[in-house]
Amino acid sequence: MAEKRLQEKIEEAKSLINSYNDLINLVEKVGGIKLRILTVTHDNIGKVRGILRELRVECDRAIGTLEEKISYIPLAEKIKLEPLKEELSKISAEIKNVYLEKNIKNAINEIEVGHNLSAWLIAGRVIRYILQNIPGKTLDEKITFLKKKM
């Protein structure tokens, strides 16, 4: 019984590797990345696991390259957004207004998909809300209040 299950898993692995090999040319055309052809010549579970590890490495390479090529924003910009998302998740419990947090998340999401105008409009709404809630009637009074808080 265990031998049969092991053989089924090896066959699944072979099928997965064959699917990967079928996509190599497409990935090379779209992403310009040359991936290695992987083959399973033995039914030894140790060797199959090793090839599956290689498969994972090759897939990670392909995904990274393809994400960079087809991303709406450059990878460097995407990386800059990560600390902003982390900061938002840290302070989200302190944000009393659910819509404020939702608008900030929406602005970030719009940037990630390349909708800059939408992101700017949403961010402007967030900024306006924040400015309206700082004590003071004029901008100078608001700035003075903020300086005192520092």
Side-chain angles (χ1 to χ4, degrees), residues 1-134 139 142-143 146 149-150:
M1 186 73 150
E3 181 65 33
K4 183 180 178 191
R5 237 174 93 62
L6 180 62
Q7 197 57 39
E8 287 174 357
K9 294 297 177 187
I10 289 173
E11 290 305 315
E12 283 179 39
K14 286 179 178 180
S15 176
L16 187 63
I17 291 166
N18 288 336
S19 295
Y20 158 84
N21 286 332
D22 290 343
L23 291 172
I24 287 177
N25 291 333
L26 178 63
V27 171
E28 187 174 354
K29 270 186 210 171
V30 173
I33 182 172
K34 183 85 172 145
L35 298 174
R36 294 181 347 177
I37 295 174
L38 301 175
T39 56
V40 178
T41 55
H42 300 283
D43 282 349
N44 177 304
I45 191 66
K47 292 185 185 222
V48 171
R49 281 185 179 147
I51 291 171
L52 288 175
R53 282 190 208 96
E54 291 177 43
L55 175 71
R56 183 174 180 181
V57 169
E58 291 297 305
C59 287
D60 285 345
R61 282 182 51 225
I63 289 168
T65 301
L66 291 172
E67 278 183 344
E68 196 170 317
K69 294 243 182 217
I70 62 173
S71 177
Y72 295 103
I73 62 172
L75 184 59
E77 293 298 317
K78 203 176 258 193
I79 290 170
K80 287 179 186 177
L81 291 174
E82 288 308 312
L84 186 59
K85 288 180 186 178
E86 289 172 19
E87 185 68 25
L88 180 60
S89 69
K90 287 179 190 173
I91 64 169
S92 65
E94 299 172 28
I95 298 175
K96 306 281 189 270
N97 186 325
V98 187
Y99 297 108
L100 178 64
E101 181 180 3
K102 185 178 177 183
N103 277 310
I104 294 170
K105 285 180 181 177
N106 285 340
I108 293 170
N109 290 338
E110 291 298 319
I111 290 171
E112 287 180 326
V113 295
H115 298 159
N116 292 333
L117 180 57
S118 298
W120 297 333
L121 291 170
I122 295 168
R125 187 168 51 209
V126 169
I127 293 167
R128 187 181 70 231
Y129 174 82
I130 291 170
L131 284 174
Q132 287 173 345
N133 287 286
I134 296 172
L139 187 57
K142 292 177 186 279
I143 291 170
L146 291 173
K149 286 288 190 180
M150 291 173 72

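Note that the structure is predicted; figures quoted are calculated from it, not measured.
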Can you name the closest pair of heavy atoms from [X] and [Y] and give their distance?
X    : Y    : answer
G31  : T65  : O-CG2, 3.6 Å
S118 : E110 : CB-OE1, 3.5 Å
L35  : I24  : O-CG2, 4.0 Å
V48  : V40  : CG2-CG1, 3.8 Å
A107 : A119 : O-CB, 3.6 Å

Are [X] and [Y] side-chain neighbours, meaning at least one heavy-atom pair lies under 4.5 Å?
X    : Y    : answer
R125 : I122 : yes
I33  : L66  : no
L100 : V126 : yes
I134 : L131 : yes

Are Y129 and N97 close enough that a side-chain donor and a side-chain acceptor fall under 3.5 Å?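 There is such a pair (donor and acceptor under 3.5 Å, judged by atom type) between the side chains of Y129 and N97.
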Please round to the nearest 0.5 Å and tell me the distance separating atom [atom1] of [X] and atom [atom2] of [Y].
X   : Y   : atom1 : atom2 : result
I10 : L52 : CD1   : CG    : 10.0 Å
L26 : K29 : CG    : NZ    : 7.0 Å
L84 : S89 : CG    : OG    : 10.0 Å
K85 : E82 : NZ    : CD    : 4.5 Å
R36 : Y20 : CZ    : OH    : 7.0 Å

Salt bridge between E58 and R61, side-chain N to carboxylate O under 4.0 Å?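 A salt bridge links E58 with R61.
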Between K105 and E101, is there a side-chain N and carboxylate O pair less than 4.0 Å apart?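 Salt bridge present between K105 and E101.
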For E12, which residues count as a side chain to side chain donor-acceptor pair (under 3.5 Å) partner, sequence neighbours excluded?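 With neighbours one apart ignored, the set is empty.
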For K102, does the NZ atom sit with more than 12 other heavy atoms under 6.0 Å from it, leaving out its own atoms?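 Result for NZ/K102: open.
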Is it true that, when you exclude I37 itself, more than 12 heavy atoms of the residues, nucleotides or ligands shown sit nearer than 6.0 Å to its CD1?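 No, because the 6.0 Å sphere around CD1 of I37 holds 12 heavy atoms or fewer from other groups.
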Do K14 and E11 pass the salt bridge (charged side-chain N to carboxylate O under 4.0 Å, His left out) test, and can you show the C-alpha distance, the side-chain angles, and the key distance before you say yes or no? CA-CA 5 Å; K14 286 179 178 180; E11 290 305 315; 3.8 Å; yes
